[in-house]
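The structure displayed is predicted, hence computed values, not measured ones. Labels below follow one simple rule: chain letters A, B, ... track the order of the sequence lines, proteins then strands, and each chain is numbered from 1.
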Amino acid sequence: MSYDFKKIEAKWQKKWEEKKVFQVKENSKKKKYYVLEMYPYPSGYGIHMGHAFNYSIGDIRARFKRMQGFNVLYPMGYDSFGLPAENAAIKFKSHPKIFTDEAIKNFVKQQKALGLSYDWSRVLWSHDSEYYKWNQWIFLKMFEKGLVYRKKALVNWCQKCDTVLANEQVHNGKCWRHEDTEVQIKNLEQWFIKTTEYADEILKMVDKLEWPERIKTMQKNWIGRSEGVEIDFEVSSSAGGTKWKVFTTRPDTIYGVTFMVVSAQHPKLMELVTEREKRKAEDFLKKIKSVKQEDIDKLDKEGVFTGTYARHPITGEKIPVWAGNFVLADYGSGMVMAVPAHDQRDFEFAEKYGLGIIPVIKPLDVRTPLLKGHGKAITEPGIMLNSRQFDGMNSEVAKEKITDFLVNKRIAKRTVQFKLKDWLVSRQRYWGTPIPMIYCDKCGILPASEKDLPVKLPEKVVFGKGNPLETNKEFLNVKCPDCKGKAKRETDTMDTFFDSSWYYLRFCDSKNKKEIFDRKKVKYWMPVDSYIGGAEHATMHLIYARFFTKVLRDMKFLDFDEPFKKLFNQGMVHASDGFVMSKSRGNVVDPSEIVKQFGADTLRLFLVSNGSPDKDFNWDSRGIEGIHKFLNKAHDFLQKTKPSSSSKKTESKLNKSTKEITEDIENLRYNIAIIKIRQLFDYISEEGRISKKDVQSFVKLISPFMPHLAEEFWEKLGNKGFISLEKWPEADEKKIDESIEKEEQAIDKIVNDINNVVRIIKEKQDKEFTKAFIYVIPKEKNLVSKNINSIEKRTGLKVQVFASNDSKKYDPEEKSKNAKPGKPGIYLE
RNA sequence: GCGGGAAUGCCGGAGCGGUCAAACGGGCAUGACUCAAGAUCAUGUGGCUUAGUGCCUACGGAGGUUCGAAUCCUCUUUCCCGCACCA
């Protein structure tokens, strides 16, 4: 029989809500603590197990910190703009707003049923014009600062999303939301945000963050800083001579340049192609474009001669310019200087097309052949050759010398390149924040004026081909803010990552209608002390949010550098078959169903007791039953227990456990904390006798994990108020008595020994015993005698204890001779 | 290819220099209770051996450091996850 969790959980959820138990204010003497989970996209399917896991981890932390005396901000909101709602609306001929509002309602209901201790008064959703108004406001501020710009560029386009994508949203050449859809490269005019302006700082500060190492590494790789030199190459093209700034990290190999390669996707490629080579070049481009992205990776280096030549900046030699499929158009200038002797890619290309190879570095290891028959480029440092005045130098030294030489001749400059690109934020979709810009034929592109914010997303639009916003003329046509003439609004909306880049700030003051937030409130709450979410946001949300923080700081709205002090990535919850839970596999376990079946306390406890919360685990229906049994036992015991007094041993154990459990929870080792709670419970329920103070401490220890049951016990114990607001028990180190543990271990050993002998004799000789005689060294007699009852209970034998030197002892087989310190002699009959 | 992480008993999962044949849970086995099943409780659960002992084999594999290693180092295998021609 289960305890009545339905009644208990509903009761306390109602009380928490009615008494506004978890609402917080800034005017508190307590120290603040900000716990945050990455706000969810409110999917129409409701919360899934991963959400439940995420929120359980966060709620336990919030409750723990609250009881430890912190003023805890623990809010919830919804990342409610985005494509799925729009697509669903189109499919069902409805409206995204209807879908989204429904989904949020459902989410809130399910989250409340989990007993999460959010301050619901601060709830926000990004499709609220009171929220996205500030998106627009930030956009305008960034525009003012020159951090927002519009340009024509090669951009990623997903056919299924029917919009452009940010660089971060392209994975392996495919759309992050459509694994089967190749991203197309288009040359379009789009809105960008200058994230690169902060690339250096974002990179440098990574090391200071208390984040998982792998996330930090991912960010570093994503930003991808590399130091090098930009060298001017004169290129004669059909349009005349032009200069190309070519980036290299290996200026030491400059004398080894035998050709140049421009990206096959470069917009200016055709300008370089001469009339004679045009046909070949066009054939080549056609071929390249017909190859799928995934095959390009496996493809050989391929290229075609453009017909033009560059001049070597030092020797003045003619260097052929090729177009190649292995050069990125949007890194550096899209053209590289090729040094086949010392770069593997260039080497392969040169071999294929019979281009010259000039070695300019002799490897230090004399066994390495210079080039012939080596079959690959030599990339390690060595001694310079074929490099005029630099010959004989160590190549690492020559790198500097050659750079100086080029810089002095004013044909090169030291630069830093980043892999990180400016953030493409415009989207050709409806369900997002309208970009507050206006196009006037006379005045050009202008920002909407701040007082006109929010530029509201009109509800009346026609979904179909193209951007739905273009179908609402009232929205589309505006007066130019400058000349008051006819103008048109921007119909692109913002990438939803814009919304999630600053929502954690709004939580500090989510109802503010006058400004984005009260700076004092933000100063009080921020930064987030504990940010909990999945690892999938390593290079998207987590970079954008850090960027926003730095931008707002430089605009003097914030006075800190980093938004998230600590980051915790929870593991993934897989189905019991080990696969990801998915509708198509039919292995989904719905958290709300589990709550109905076993209660929220059971689900929460189960989710965090499986293993370390940062590790993946498989759903296990037997496991949840086991946890449920434990809760039943705890419930039964605490129902009938009548507080009396605690033994020294109980006090020692309780305080020791309190100390350890506190540390374990602090360090997010919830699984270990739960094991210790269970051991403590086993002890207490066996011992039976416990003081009111101690049983209360125990209930407090379990309360972050199973808050409903804990409240119920708290009330049963005659307390008014909420355990959720009680003070976390502090371990009294003076009461921890290690000798009690030792004594216990000694008795355990004796009991084990006796049981072992009984078992062996029973097997071998089929003899049964009723009595046990224990012979201890005189010093230990007291200790063992004290525990006779326990030994009798656990062995089922009548026990007598003698000192080994006792002359009157009963010892027919002289087993007392076996008595040693810690190992008494035993005789059974 | 580069980078990050992991490999422990029948299973999940702790431990991260000695107190380790390894916490805790699950499973399984035996016993108690029951007409019976379930639930519950007790005990056991690497091998051999023994009146409670001792020995051997074990923490992916191979070496090494150490008086001593699941724990530290090197190499290696397998798996997971990121990035992927970044010049």
Side-chain angles (χ1 to χ4, degrees), chain A residues 1 171-173 212-222 224-226 228-229 246-251 253 260-261 263 296-301 324-339 342-346 348-349 379 417-421 535-536 538-539 572 576 606 609-612 614-618 620-627 629-630 632-633 636 669 671-672 674-679 682 742 745 749-765 767 769 772 774 793-796 813 815 818 823-828:
Chain A
M1 252 295 277
H171 295 162
N172 287 323
E213 218 40 57
R214 64 183 181 127
I215 303 290
K216 296 212 263 184
T217 317
M218 274 192 231
Q219 289 214 343
K220 284 187 201 166
N221 292 343
W222 189 259
R225 182 182 200 273
S226 55
V229 187
V246 173
F247 180 75
T248 181
T249 53
R250 295 294 305 275
T253 63
M260 310 293 286
V261 189
S263 168
I296 285 176
D297 297 342
K298 293 174 212 144
L299 216 66
D300 265 4
K301 312 275 173 286
N325 64 345
F326 68 99
V327 176
L328 300 173
D330 50 8
Y331 185 77
S333 61
M335 187 190 283
V336 297
M337 56 177 235
V339 186
H342 305 291
D343 182 281
Q344 187 57 27
R345 296 155 299 185
D346 300 347
E348 284 169 27
F349 195 82
T379 50
Q417 279 287 335
F418 291 98
K419 278 206 264 180
L420 183 82
K421 289 185 216 158
E536 68 273 16
T539 51
M572 304 242 289
S576 48
F606 171 68
S609 63
N610 272 289
S612 182
D614 57 349
K615 293 208 177 121
D616 296 355
F617 75 96
N618 295 350
D620 176 13
S621 49
R622 283 211 191 96
I624 191 140
E625 282 169 26
I627 292 289
K629 278 182 203 167
F630 168 66
N632 271 320
K633 267 196 272 183
D636 291 349
R669 291 190 301 252
N671 53 328
I672 307 297
I674 290 161
I675 285 165
K676 285 170 187 162
I677 284 173
R678 294 187 70 155
Q679 283 171 335
D682 286 346
K742 288 211 180 98
Q745 278 166 21
K749 199 163 186 329
I750 293 169
V751 169
N752 275 341
D753 284 351
I754 294 172
N755 283 336
N756 205 4
V757 178
V758 168
R759 190 170 46 84
I760 288 163
I761 303 301
K762 199 172 171 185
E763 271 169 25
K764 299 253 152 151
Q765 302 169 24
K767 255 202 247 172
F769 299 105
I774 302 173
K793 197 175 152 202
R794 291 166 66 187
T795 57
E813 288 190 13
K815 295 288 186 191
N818 291 344
K823 267 184 207 168
I826 295 164
Y827 175 70
L828 303 175

Quiz item: Whole-Å distance between B/rA39 P and A/D636 CG?
Solution: 16 Å

Quiz item: Distance between the P atoms of B/rG64 and B/rA51, in whole angstroms?
Solution: 40 Å

Practice problem: First locate atom CG of A/D616, then atom CG of A/N610, and finally report the distance between them rounded to the nearest 0.5 Å. | Solution: 11.5 Å

Quiz item: Taking the same atom, C1', in B/rG44 and in B/rC35, what whole-Å distance lies between them?
Solution: 28 Å

Self-check item: First of A/V327 and A/M218 reached from the 5' end of RNA chain B, by closest nucleotide
Solution: A/M218

Quiz item: Quick check: does any side chain N or O of A/S263 sit under 3.5 Å from a backbone N or O of A/V327, one acting as donor and the other as acceptor?
Solution: yes

Quiz item: Between A/Q417 and A/T249, is any pair of side-chain heavy atoms under 4.5 Å apart?
Solution: no

Quiz prompt | Which atom of A/I215 lies closest to which atom of A/A538, heavy atoms considered | solution = CD1-CB, 3.9 Å

Quiz item: Just how far, in rounded Å, is C1' of B/rG26 from CZ of A/F630?
Solution: 16 Å

Quiz item: If we take the P atom in both B/rC67 and B/rA62, what is their distance in whole Å?
Solution: 23 Å

Self-check item: B/rG17 and B/rC72, which share atom name P, separated by this distance in whole Å
Solution: 7 Å

Quiz item: Toward the 5' end of RNA chain B, which comes first, A/D620 or A/T248, by nearest nucleotide?
Solution: A/D620

Quiz prompt | Atom-pair distance (CD1 on A/I674; C1' on B/rG13), nearest Å | solution = 13 Å

Quiz item: Mind checking whether A/F606 and A/F617 have parallel, tilted or perpendicular rings, split at 30° and 60°?
Solution: perpendicular

Quiz item: How far does the P atom of B/rA70 sit from the matching atom of B/rU34, given to the nearest Å?
Solution: 48 Å

Quiz item: What interatomic distance, in whole Å, is found between P of B/rC10 and the corresponding atom of B/rG61?
Solution: 14 Å

Write down the protein N/O and nucleotide N/O pairs, taken from nucleotides 19-24 of chain B, whose separation is under 3.5 Å; answer none if there are no such pairs.
| residue | atom | partner | partner atom | Å |
| --- | --- | --- | --- | --- |
| B/rA23 | O2' | A/Q679 | NE2 | 3.3 |

Self-check item: Interatomic distance, A/K419 NZ vs B/rC83 C1' [rounded to whole Å]
Solution: 6 Å

Quiz prompt | Any A/S609 side-chain heavy atom under 4.5 Å of A/I627 side chain | solution = yes

Quiz item: Under 4.0 angstrom, heavy atoms only, what part of the nucleic acid is A/S612 near: base, sugar-phosphate, or nothing?
Solution: sugar-phosphate

Practice problem: Rounded off to whole Å, could you give me the CD1-to-C1' distance for the A/I215 and B/rG3 pair? | Solution: 13 Å

Under 3.5 Å, which N/O atoms of the protein pair with N/O atoms of nucleotides 4-11 of chain B?
none

Practice problem: Answer with base, sugar-phosphate or nothing: what part of the nucleic acid does A/R622 contact at a heavy-atom distance below 4.0 Å? | Solution: sugar-phosphate

Quiz item: In whole Å, what is the span from the CD atom of A/Q417 to the C1' atom of B/rC85?
Solution: 16 Å

Practice problem: Taking all heavy atoms of A/W222 and all of A/K419, pick out the closest pair and write down the distance. | Solution: O-CB, 3.5 Å

Quiz item: RNA chain B in dot-bracket, Watson-Crick or G-U pairs under 3.5 Å, [ ] crossing, | other strand?
Solution: ((((((((.[[[..)..(.....]]]((((((.......))))))(((.....)))...[[[[[..)....]]]]])))))))....

Quiz prompt | A/D682 side chain near A/F630 side chain, heavy-atom distance below 4.5 Å | solution = no

Quiz item: At their closest point, which heavy atom of A/M335 faces which heavy atom of A/V246, and how far apart are they?
Solution: O-CG1, 3.5 Å

Exercise. Using a heavy-atom cut-off of under 4.0 Å over every strand shown, decide if A/K633 touches base, sugar-phosphate, or nothing.
Key: sugar-phosphate

Quiz prompt | Heavy-atom side-chain proximity of A/R345 to A/E348 below 4.5 angstrom | solution = no

Quiz prompt | Separation between CG of A/D620 and CD of A/E625, rounded to the nearest 0.5 Å | solution = 9.0 Å

Quiz item: Contact class for A/K629 vs. all strands (heavy atom < 4.0 Å): base, sugar-phosphate, or nothing?
Solution: sugar-phosphate

Quiz prompt | Integer angstrom distance from the P of B/rG15 to that of B/rU71 | solution = 14 Å

Practice problem: To the nearest Å, give me how far apart CZ (A/R669) and C1' (B/rG13) are. | Solution: 15 Å

Quiz item: Atom CG of A/N221 and atom C1' of B/rG82: how far apart are they, to the nearest Å?
Solution: 8 Å

Quiz item: Are A/R250 and A/D343 ion-paired here, with the side-chain N under 4.0 Å from a carboxylate O?
Solution: no

Quiz prompt | Touch class at under 4.0 angstrom, heavy-atom based, for A/N610 against every strand present | solution = sugar-phosphate

Quiz item: Do you know which two heavy atoms are closest between A/Y331 and A/S226, and how far apart they sit?
Solution: OH-OG, 3.0 Å

Practice problem: Choose from B/rC83, B/rA39, B/rA87 the nucleotide whose nearest atom is closest to any side-chain atom of A/W222. | Solution: B/rC83

Practice problem: Pick the C1' atom in B/rU74 and in B/rU66, then give their distance to the nearest Å. | Solution: 16 Å

